[in-house]
Structures are given as structure tokens and as C-alpha cells.
There are 2 protein chains.
Amino acid sequence: MGYKYNKEEILDVGYDVFRRNGYHNVGINQILKESGIPKGSFYNFFDSKEDFAQQVIKRYGENNQCWMQKYFDDCELSPIECLKSFYAMMIHYNEEDNYAGGCLVNNMCVEVGRNNDMLAKESNQQFVGWLQILASVVKKGQDQGQITTQYNSLWLAEYLHAGFYGVLSRTKVTRNREYMDAWHTMTFNFITQ
Amino acid sequence: MGYKYNKEEILDVGYDVFRRNGYHNVGINQILKESGIPKGSFYNFFDSKEDFAQQVIKRYGENNQCWMQKYFDDCELSPIECLKSFYAMMIHYNEEDNYAGGCLVNNMCVEVGRNNDMLAKESNQQFVGWLQILASVVKKGQDQGQITTQYNSLWLAEYLHAGFYGVLSRTKVTRNREYMDAWHTMTFNFITQ
DNA sequence: AAAATTAAACAGAACGGTCTAATTATTTTA
DNA sequence: TAAAATAATTAGACCGTTCTGTTTAATTTT
């Protein structure tokens, strides 16, 4: 009949807590408190804080990948308009969230990407998954003559991706969306054929 | 005749340690050990870890601002070529450093920018200082007809700034310069008149 | 009954920060 | 100018708390 707790619940709490507070600023006790499970149960499910964080990144990354895929599959606009609306939505979400956390995976990359190979590898793997989806949409836009063909679709996907996280990070201290909107306007102007 | 230690030495150690390891992953003891001073002396100079970090950010930010100003003042190329060479140099430095730390201020923004108003404010202040210099070079490039005048110089400066830190962050997990070079190529193509 | 899970007490190390004493530098006084 | 008084700095033991992780026993599920 299943046990009292399950990994997924704890992973979801971990996602939220890590996203808002970072990795080293969060202790296991905080996760336990917010998910309401005792320490013994946590260490029954996870080997360590690091192992837990890896699974948090993986779960969120894969869910987000599915969500992105569905978004673009369902989007009835032209490829470039799909990309525009996708990033407009991301900017909107970030504003709604009061610029409170940004992206878990990007935060992890910056905070621990150079000192923790395991978390770096997992983060990169999830990013690559997202980038492939972006690249396929870019490719469609190129095939339809909307997006510049000066650069290949993966380069353009990485360009969108990095630019977005650059301005997203910037909002953590400016705490307004001005430069995100500017980025959106400029970027889609630049890459449009 | 002066005392044994001085703040500047400790701040420089703090810069290096924070840049490579982040904020919450570093304890005061590590700073003490690496700078060779006892705890009593540290707390004689600084009120708290937070106060120390703020002064580290401020000192580095201001030094870097001077350095940037001098770089662009001394650069004998056209404005756009100065910007190109500046970012090419930054990419080169990051590779030489084996992608080991990135930029202290950007790291601080991402790690603590949403939870620590004091460090967020200081980080933003330093960024604004740098951005003003970039914007002034962009403006010169616009006046000389090399850089697009579709967007004002501050928007373009923020665009360069955010894009660069976006790809810089990306290298923390890819650990190679491919997309930094791609970013450089694409960005300067896009903003060139 | 056996296996898996839950519960919470328990470790040892590390955390940021305090405290008092000793030392060094500076200013005041003789 | 030398001695005395004061101020600033150095030193590190120490404080309570929190950190990740372990252990042992009770409970639940199979």
C-alpha cells in the first residue's frame, strides 16, 4: 500500500528550497522541516546532500524538458514566434515570482559548477536536453527563412540560452524586468532574417 | 609605524577565495588560514562575514572599474574594435584560469543576489560602474557609425554585459570556450552597423 | 517472521562570532 | 626627551549553534 513518504515529494521541496536559496546556504534540516520528514527517512532515500541535489536537478530538468517539448509541439505560431512567446512567458514568470529564484539549474552551474563535478555534469546534461529542443525550433525557423542561417541552430540556441540566463541573473540585483525586455527585443531583432 | 596586518591584504585573499568557491561555501576560518591572520584581527577590521564580503566586492569592483577605464582610454583601435578586443581578452583570461571562478560580482549576484540586500546592492553598484564605461564606448562607436543606433548605448552595454556573463556561466559546466567564441562572433556581428 | 521504513537521539566537525589578555603603537605628561 | 598613560591591534581559546551524516530501536509493510 506504499509507504508514508515518497522521494518525489521530497525532491519537489528540494527544488523549491534550492532554487530560492542556493545549495550551500541550505541545510538538510531545512529540507526535512519543509517536507515534514524525519532525517532517518531522508537518508533512507538519499545517500547524501549531494546525491539529493543531483536527483533534484535531474527531476526538474527532465520535467522541464517535457514541458518545453510540449510547449513547442502545441505552439501554433511560426517557429520564431514560438520562441518569442516562450521567452516572453519566461520573463513574465520571473516577474511574477518577484525575481526570487531564477533557474535552479543555472544557479547550480554558477554556484557549484566549478567545484562539484557531479552536480556540474548533471546540470550540463539537463541544459543540453533543453538546448536540443531550442535548436530544433531554431532549425525549423531557419528552414522557413525566418531566422538567420549565418550560424547553425545549436549556436543560435546556445546564444538564446546564455543571453536569457545572463539577463535573468541581472534581475536578481536590479529587480526589474527592463533589461530582460530589452534583451528580448534586441535578440529577436538580431536573429531574424 | 604601522601594524602587522592591513585590510587590503585580507580583502585580496577574500576576493580570490570567494571568487573560486562562492560565498556560503567559504568559512571565515578559510580566509584566516589563507591570509595567515588570527580571528581577533579579522574581527578588529570587519564587523562580520557579510561586511567583509561587501568590502571585497567594493574593492574589486572599483579596481576593475579603473582598469577598464584605463584599458579603453589607452586602446588605440576604433570603439567597436576596442570592445571586441576587450571581450576577446576576457575570454582568454577565463580560459587561462581554466574556467575556475568566473567573475566574483556575477557569482555573488547569482548566489546571494535575492537573499542578501546588502551584497545585492553593492554588486549592482559595481556593475553599474562598469556598465557606464561600456556604454560610453558604445556611444562613441554609435557616433562614428560603427554600432547600430537602433538601441541606446546603455541597452547595448547591458546586452553585451549580460550576454558575456551568460556564456561565462555556461563555461563553468561545459569547461570549454566554444560558445564563448561563438557568442563573441555573433554578438559583434549583430550590433555592428 | 523478515524486510523495509520511520523516528529521534547522537556524533564530530565546522560555522560565525565573542571574549579576555597580551602586545604594540601612539599620545600625553613631566 | 623620557616616562607614563592611553589607544589600537593581535592572539587564540571559547561559545552556542548548525552542519552533514550515523546509529539504534520502534514501527510498518510484505
Side-chain angles (χ1 to χ4, degrees), chain A residues 1-57 104 107-108 111-112 115-120 122, chain B residues 1-59 104 107-108 111-112 115-120 122:
Chain A
M1 257 259 87
Y3 287 91
K4 198 164 173 185
Y5 307 114
N6 66 73
K7 282 174 70 162
E8 282 69 28
E9 278 179 39
I10 314 172
L11 288 170
D12 287 342
V13 169
Y15 163 71
D16 209 56
V17 174
F18 281 143
R19 188 176 74 87
R20 294 189 131 80
N21 304 289
Y23 179 69
H24 287 109
N25 192 31
V26 169
I28 294 296
N29 287 321
Q30 190 176 343
I31 310 278
L32 302 180
K33 199 176 170 188
E34 296 209 23
S35 59
I37 71 154
K39 196 171 270 195
S41 308
F42 180 89
Y43 279 101
N44 181 45
F45 286 130
F46 308 102
D47 294 340
S48 64
K49 180 186 180 184
E50 188 189 19
D51 172 51
F52 175 66
Q54 195 211 330
Q55 293 193 43
V56 167
I57 295 167
L104 170 79
N107 294 352
M108 285 285 180
E111 185 183 344
V112 304
N115 294 318
N116 189 312
D117 288 347
M118 188 177 166
L119 299 185
E122 187 63 58
Chain B
M1 249 260 95
Y3 289 92
K4 199 165 173 184
Y5 307 115
N6 65 73
K7 281 174 71 162
E8 282 68 28
E9 278 178 37
I10 314 173
L11 288 171
D12 287 342
V13 169
Y15 164 71
D16 210 55
V17 175
F18 282 143
R19 189 176 74 86
R20 294 189 131 80
N21 304 289
Y23 179 70
H24 287 110
N25 192 31
V26 169
I28 295 295
N29 286 320
Q30 189 176 345
I31 310 277
L32 303 180
K33 199 177 171 189
E34 296 208 24
S35 60
I37 70 153
K39 197 170 271 194
S41 308
F42 179 89
Y43 279 101
N44 181 46
F45 287 129
F46 308 102
D47 294 339
S48 63
K49 181 187 180 185
E50 187 189 17
D51 173 51
F52 175 66
Q54 195 211 330
Q55 292 193 44
V56 167
I57 296 168
K58 188 177 165 69
R59 177 175 162 85
L104 170 79
N107 294 351
M108 285 286 181
E111 186 184 344
V112 305
N115 294 318
N116 189 312
D117 288 347
M118 187 176 167
L119 299 185
E122 187 62 59

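Heavy atoms only: backbone and side chains are in, while hydrogens, waters and symmetry mates are out. Chain naming here is simple, since letters A, B, ... match the order of the sequence lines and numbering starts at 1 in each.
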Using a cut-off of under 3.5 Å, enumerate the N/O to N/O pairs linking the protein to nucleotides 17-20 of chain C.
from    : atom 1 : to       : atom 2 : distance (Å)
dG17(C) : OP2    : Tyr43(B) : OH     : 3.2
dG17(C) : OP2    : Lys49(B) : N      : 2.9
dG17(C) : N7     : Lys39(B) : NZ     : 3.1
dG17(C) : O6     : Lys39(B) : NZ     : 2.6

Taking all atoms of both residues into account, what is the closest heavy-atom pair of [X] and [Y], and its distance?
X        : Y         : result
Asp47(B) : Asp51(B)  : N-OD2, 3.0 Å
Tyr23(A) : Lys49(A)  : O-NZ, 3.0 Å
His24(B) : Glu111(B) : N-OE2, 3.0 Å
Arg19(B) : Leu104(B) : N-CD1, 3.7 Å

For the residue pair Phe52(B) and Tyr43(B), establish whether any side-chain heavy-atom pair is separated by less than 4.5 Å.
no
When you compare the side chain of Glu9(A) with that of Val13(A), does any pair of heavy atoms fall below 4.5 Å?
no
Rounded to whole Å, how long is the line connecting atom [atom1] of [X] with atom [atom2] of [N]?
X        : N       : atom1 : atom2 : result
Phe52(A) : dC19(D) : CZ    : P     : 15 Å
Asn25(A) : dC15(C) : CG    : P     : 14 Å
Tyr23(A) : dC19(D) : OH    : P     : 13 Å
Lys33(B) : dG12(D) : NZ    : P     : 15 Å
Leu32(A) : dA9(C)  : CG    : P     : 14 Å
Ile31(A) : dC19(D) : CD1   : P     : 11 Å
Phe42(A) : dT20(D) : CZ    : P     : 9 Å

Report yes or no: does Ser41(A) contribute a side-chain atom to a donor-acceptor pair with the main-chain N or O of Ile37(A) at less than 3.5 Å?
no
Check: Val17(A) main-chain N/O paired with Asn21(A) side-chain donor or acceptor under 3.5 Å:
yes
Atom pairs, N/O to N/O, protein against nucleotides 7-9 of chain D, distance under 3.5 Å?
none

